Amino acid sequence: MAELEKTYNPVDVERKWTAVWRESRVFTPDARSSEPPFTIVLPPPNITGSLTVGHALGTTVQDLLCRWKRMKGHNVLWLAGMDHAGIATQKVVERALLDRGVTKDALGREKFLEECWTWKAKYHDRIVEQLGALGASLDWSRETFTLDPGVSRAVREVFVRLYRKDLIYRDRYIVNWCPACGTAISDEEVDFVETHGKLYYIAYPFAGGGGELVVGTTRPETMLGDVAVAMNPGDKRAEALRGKMLELPLTERAIPVIFDEAVDPTFGTGCLKVTPAHDATDFLIGLRHRLDPVVVIDRTGRMTAEAGRFAGLDRRAARAQVLAALEERGLLRKIDDYDHAIGHHDRCGTAIEPYISRQWFLRMRTLAAPGIEAAKHGAVTFTPDRWGNIYLSWMENIRDWCVSRQLWWGHRIPVWYCGDCDETIVAVEAPAVCPKCGGAKLAQDEDVLDTWFSSWLWTFSPMGWPETTEDLETFHPTSVLVTGGDIIFFWVARMIMASFEFMGEIPFSTVYITGIVRDAKGRKMSKSLGNSPDPIDIVGRSGADAFRFTLMMLSPPGQDIMFDESKVDVGKHFANKIWNAARFVLGQEADVAGAAAGFGAGGSRAASVDTPAGLHEAVFGDAADADAAFGWEDRWIVSRLAKRAAELEGHIDAYRFDEASRTLYDFFWHEYCDWYLELSKAAGRQGGLRGRGASITARAVLGASMILLHPMMPFITEEIWSMLAPGRGVLAGYRFPGVPARSLDGALEADVDFFKEIVAAIRNLRQSFNIPPGKPVGVVLNCEGGRGIPARLDRFREQIGLLAKVSDLTIADGAARPPGSVAAGLSSIEIYLPLAGVVDIEAEKKRLGKDLEKITRECEKVEGRLKDARFTEKAPAEVVEQEKNRYDEMSDRRRRIARILEDLG
RNA sequence: GGGGGCUUAACUCAGCGGUAGAGUGCUAUCCUCACACGAUAGAAGUCGUAGGUUCAAAUCCUACAGUCCCCACCA
């Protein structure tokens with residue numbers, strides 16, 4: 001075997017396995033498999049750019065689940081795909097074109113779309129590379145893009161079906177309009193930003209004189225489009241003002257005073273200027289009072305002809321000029337500072353302009369009903385569960401969804417208008433002639449659909465819907481959805497609605513919401529901020545395994561994580577530790593590799609020991625040579641392995657990946673490496689059957705560890721696996737039968753804990769007295785009064801010697817304390833360590849005095865509790881029992897320390 | 001205006017009713033024949049504040065403070 005590098009170098013190893021996995025097709029499931037299905041759909045990344053650390057987190061969680069389930073014997077489909085991200089992509093492509101001095105309008109629709117496809121190809125490849133580098137076990141054979149013909153067909157089908165059910169309608173309505181992007185957007189795409197603004201008080205004189213009403217507004221420029229002034233009908237002034245008209249300043253128009261419940265009489269002056277064309281509330285008031293809107297701001301944010309002499313001005317400039325004009329006329333009564341939230345487009349940050357336009361809408365209320373029931377009854381659950389409440393409150397207050405976008409990049413709305421008879425034709429395929437008049441002058445709706453109108457079909461559209469396919473039958477509903485809390489409304493909720501509507505079932509049973517990855521300053525990592533390192537760079541520097549492990553360790557469910565690349569060192573060091581442990585184990589006698597396949601001198605043990613079950617049989621079995629071959633430490637590590645494997649399974653099932661990573665880390669580093677491998681060195685030196693037994697255990701537990709670690713750290717485990725058992729096939733495709741729970745040995749584990757305590761105490765004494773680590777010492781263990789302790793400790797002799805560098809060990813009931821020795825007291829035993837030189841009695845007294853003080857304090861606390869009748873009567877019996885045992889142990893230890901102290905005089 | 005998260009060792013975070021934990025950092029000793037991306041030992045915490053429930057509270061309840069986030073048609 002080639003000499004292994006001293007330090008693990010992930011780059012070559014990872015590249016190799018990415019290629020091997022791809023060729024092995026272990027990530028491409030067969031829809032006809034008899035194994036139980038497990039499905040995850042990858043939240044399709046936007047092709048706007050490359051992935052962030054946030055994506056790496058979600059990807060790792062999904063990959064971990066998929067690999068775990070695959071090894072557990074599931075038929076796993078992790079479906080790959082990407083999203084065309086309509087508005088976001090159109091934006092970035094436009095910007096890129098602008099850098100070349102080209103505008104999209106100059107280019108025209110067709111050419112512009114070609115540019116988008118070029119962009120898509122580039123970033124698609126980059127994202128594939130990133131996902132590969134992270135080790136994602138995605139099925140690329142089923143890869144889908146949200147503009148693929150199949151998805152497009154599904155989108156049109158859905159549109160038509162919803163239209164026929166009268167759930168989709170077209171209407172002129174006030175929508176959120178982005179003047180910069182030139183399109184309508186949905187309510188969900190509006191971010192409200194707290195802004196320091198002003199509240200302007202403007203006087204509107206009564207027509208024909210006789211006073212005025214003062215209105216308060218944050219947007220004085222919209223007054224040009226006012227059609228009324230509204231007051232609450234309960235307002236004291238109401239009766240006197242009924243039927244009154246006001247002169248709208250700066251215009252020739254007179255407007256009525258009206259009364260509407262929507263007006264808060266306590267706000268401002270209690271008078272609200274009503275501008276139906278430029279405010280959503282006012283639009284509704286306008287509808288109720290049959291007032292025609294006056295549009296004074298156009299789709300680009302400029303004042304219209306209706307704005308009179310302000311026409312052509314940008315809305316910001318118009319505000320200044322309107323205010324100046326009002327000031328001049330003495331109608332501007334007051335300006336207050338006023339903080340309020342202003343809606344901005346989440347993609348470009350432009351202030352939203354409420355705007356009346358003809359758009360397509362989807363009625364949501366009926367669609368939401370089954371989705372609400374599903375969450376309430378647990379058919380769909382959220383982890384952490386508080387997200388379920390957020391989902392429900394949104395679903396229960398759902399509003400119609402504006403699905404049309406005035407963009408080019410996206411699914412064209414499947415609606416045609418007849419130029420002859422004005423007929424509207426909604427169809428999956430483009431009609432040749434108008435079905436009503438037979439005319440051929442058909443024009444398709446110019447608009448496209450909201451991106452999410454294709455994404456919401458994501459659990460089934462890539463599997464071939466509306467056809468009934470094997471994939472749909474096998475893999476739908478999917479199992480888990482892993483995504484961020486920020487797209488619950490955009491995506492998760494809508495997928496649930498779409499799946500109920502078109503599949504008649506849930507899309508997934510569990511929604512796992514990851515935390516948000518933030519930078520060191522606490523800002524969310526995003527493409528637009530440019531504050532996320534490229535995952536590929538991190539992988540290049542530290543390795544995907546290190547990165548993945550670190551992400552899992554840092555992310556308790558639902559907690560945001562403050563990511564800093566230096567944190568990846570934890571994973572990097574761990575990978576290095578794993579590598580070196582393997583180096584050590586693999587470096588042991590070469591013939592062990594053969595022995596591992598079938599242990600036993602006379603072939604009495606043909607069972608393979610490189611599976612957890614086989615190892616159990618070998619170590620715990622009753623064959624004649626078991627006792628000679630395996631020591632207590634072998635049985636101990638196998639017992640620990642069984643325990644840790646069970647813990648790991650529990651943590652993964654509970655989506656506690658942080659706990660899972662800790663379990664693996666503690667087991668492998670602190671139990672297997674720190675204790676077991678060190679212990680096995682003694683047996684190794686002994687050689688013979690015993691030496692082989694130890695080597696076999698070391699190898700088999702290493703192998704089992706690779707299995708357990710694989711979902712989290714796929715590359716390094718695959719590499720070590722291949723060295724442990726060449727020709728066995730890839731670990732990624734290995735079916736893991738589990739570690740037998742019968743390997744557990746609680747009594748042995750308790751004894752080993754005692755052993756570890758003794759070793760630690762001796763090491764502590766050595767350090768306290770500056771005994772060089774390499775210098776052997778003699779040690780006496782006095783077990784006076786400890787029932788049967790000497791016999792129990794006897795089997796640990798050799799190992800105490802090895803791990804604490806003890807050359808001469810005496811274990812006895814009532815052993816004498818050697819002169820000139822220092823001592824430590826544990827519960828059940830005293831430890832004497834003779835020193836060659838003179839002991840500083842005073843310093844020693846001080847050290848032990850501190851120990852005694854501490855143990856006494858704790859002892860008294862427990863004693864006090866035990867003496868309290870309220871405790872002994874009310875606390876559960878097992879707690880009282882436990883406290884009693886604790887007290888016994890602590891008081892024994894206290895007695896021993898006190899005695900050692902006394903001896904010092 | 002509602003709703004939620006967070007506040008534990010210098011830092012980043014676990015623990016969520018019965019002995020305060022980890023990683024990093026720090027101190028000391030060691031290049032012990034797998035690993036200095038290492039080993040061993042150690043120092044380090046009024047568990048945000050104030051009340052309450054309980055035999056027992058970092059853990060449950062109630063306020064409050066700080067902080068971050070979501071939702072909301074008071075212009």
Side-chain angles (χ1 to χ4, degrees), chain A residues 4 6-8 174 192 199-200 215-219 222 230 262-269 271-275 279-285 338 340-341 354 384 386-387 389-390 393-394 397 485-486 488-489 515-516 518 520 522 524 542 546 550 553-556 558-564 566-567 569-588 656 658-659 662 665-666 673-674 677-678 681 759-760 763-768 770-774 803-805 858 861-862 865 868-876 878-880 882-883 886 890:
Chain A
L4 299 177
K6 195 169 176 180
T7 301
Y8 175 56
I174 192 149
F192 284 91
L199 186 58
Y200 303 92
V215 299
T217 181
T218 55
R219 300 200 60 196
T222 65
V263 182
D264 176 356
T266 66
F267 186 88
T269 60
C271 299
L272 169 71
K273 61 189 267 315
V274 179
T275 323
D279 183 278
T281 307
D282 295 5
F283 180 80
L284 295 175
I285 294 175
Y338 185 63
H340 61 133
R386 67 189 145 83
W387 290 107
N389 296 328
I390 292 171
S393 68
W394 186 79
N397 296 294
D486 52 344
I488 287 185
F489 308 148
I516 295 169
R518 300 177 179 281
K524 179 179 173 178
S542 303
T550 303
M553 195 168 213
L554 286 177
S555 74
Q559 278 322 110
D560 291 357
I561 65 178
M562 299 282 209
F563 184 81
D564 180 276
S566 67
K567 291 183 173 177
D569 282 349
V570 181
K572 197 170 154 192
H573 294 178
F574 187 39
N576 192 244
K577 187 72 179 179
I578 294 170
W579 182 250
N580 276 289
R583 214 156 69 89
F584 173 66
V585 171
L586 289 163
Q588 290 173 348
R656 288 304 306 259
D658 57 329
E659 297 280 10
R662 262 175 266 275
Y665 187 92
D666 286 342
C673 290
D674 287 352
L677 287 186
E678 291 306 320
K681 286 175 182 173
V759 170
R763 283 168 171 173
N764 184 319
L765 278 176
R766 296 182 60 113
Q767 296 251 350
S768 301
N770 295 318
I771 299 167
L803 297 193
K805 269 272 186 254
E858 280 177 37
K861 213 168 110 191
V862 179
R865 193 174 297 168
D868 189 343
R870 289 180 308 177
F871 171 71
T872 49
E873 281 164 22
K874 292 196 174 179
E878 72 248 30
V879 173
V880 176
Q882 182 191 314
E883 290 293 293
R886 258 186 77 205
M890 286 195 298

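Just the heavy atoms: all of them, side chains too, but no hydrogens, waters or symmetry mates, feed the values below. Since the structure is predicted, the reported quantities are computational estimates derived from the model, not experimental observations. Naming: A, B, ... by sequence-line order, numbering from 1 per chain.
Note: CZ (A:Arg656) to C1' (B:C13) measures 11 Å, nearest angstrom. Taking atom CH2 of A:Trp387 as the reference point, atom P of B:G5 lies 11 Å away to the nearest angstrom. Atom C1' of nucleotide B:U12 and atom CG of A:Asp564 are separated by 10 Å, given to the nearest angstrom. To the nearest angstrom, P of B:G18 lies 11 Å from CD of A:Glu883. The separation between A:Leu803 atom CG and B:U40 atom P is 10 Å, rounded to whole Å. Across the protein-nucleic acid pair, A:Trp579 atom CH2 and B:C37 atom P stand 17 Å apart, rounded to whole Å.
If you check every strand for non-hydrogen atoms under 4.0 Å, A:Arg386 touches sugar and phosphate atoms only.
Dashed line: the shortest gap from a side-chain N or O of A:Arg662 to OP1 or OP2 of B:A22 is not under 4.0 Å. Between A:Asn764 and B:U40, a side-chain N or O to OP1/OP2 separation shorter than 4.0 Å is absent.
The gap from the P atom of B:G48 to that of B:G3 amounts to 24 Å, rounded to the nearest Å. For the P atom pair drawn from B:U46 and B:U8, the interatomic distance equals 12 Å after rounding to whole Å. The separation of B:G23 from B:C64, taken at their P atoms, amounts to 39 Å, rounded to a whole angstrom.
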Contact pattern, 5' to 3', of nucleotides 65-75 of chain B - B, S or - by protein heavy atom under 4.0 Å: ------SSBBB
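No salt bridge links A:Arg219 with A:Asp279; every basic N to acidic carboxylate O contact stays at or beyond 4.0 Å.
Every salt bridge (Lys or Arg N to Asp or Glu O under 4.0 Å) that A:Arg886 has, sequence neighbours left out, goes to A:Glu883. With sequence neighbours left out, the salt bridge (Lys or Arg N to Asp or Glu O under 4.0 Å) criterion links A:Arg766 to no other residue. Every residue two or more places apart in sequence or in another chain was checked for a side chain to side chain donor-acceptor pair (under 3.5 Å) with A:Asn389, and none qualifies.
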Collect all protein-nucleotide pairs involving nucleotides 24-34 of chain B in which both atoms are nitrogen or oxygen and the distance is under 3.5 Å.
| unit_1 | atom_1 | unit_2 | atom_2 | d |
| --- | --- | --- | --- | --- |
| B:A34 | O3' | A:Arg583 | NH2 | 3.0 |
| B:A34 | O2' | A:Asn580 | OD1 | 2.5 |
| B:A34 | O2' | A:Arg583 | NE | 3.3 |
| B:A34 | O2' | A:Arg583 | NH2 | 2.7 |
| B:A34 | N7 | A:Lys681 | NZ | 3.4 |
| B:A34 | N6 | A:Glu678 | OE2 | 2.8 |
| B:A34 | N3 | A:Asn580 | O | 3.2 |
| B:A34 | N3 | A:Ala581 | N | 3.4 |

Dot-bracket for RNA chain B, 5' to 3', with Watson-Crick and G-U pairs under 3.5 Å, [ ] for crossing pairs and | for other-strand pairs: what is it? ((((((((.[[[[.)..(..]]]].(((((.......))))).....[[[[[..)....]]]]])))))))....
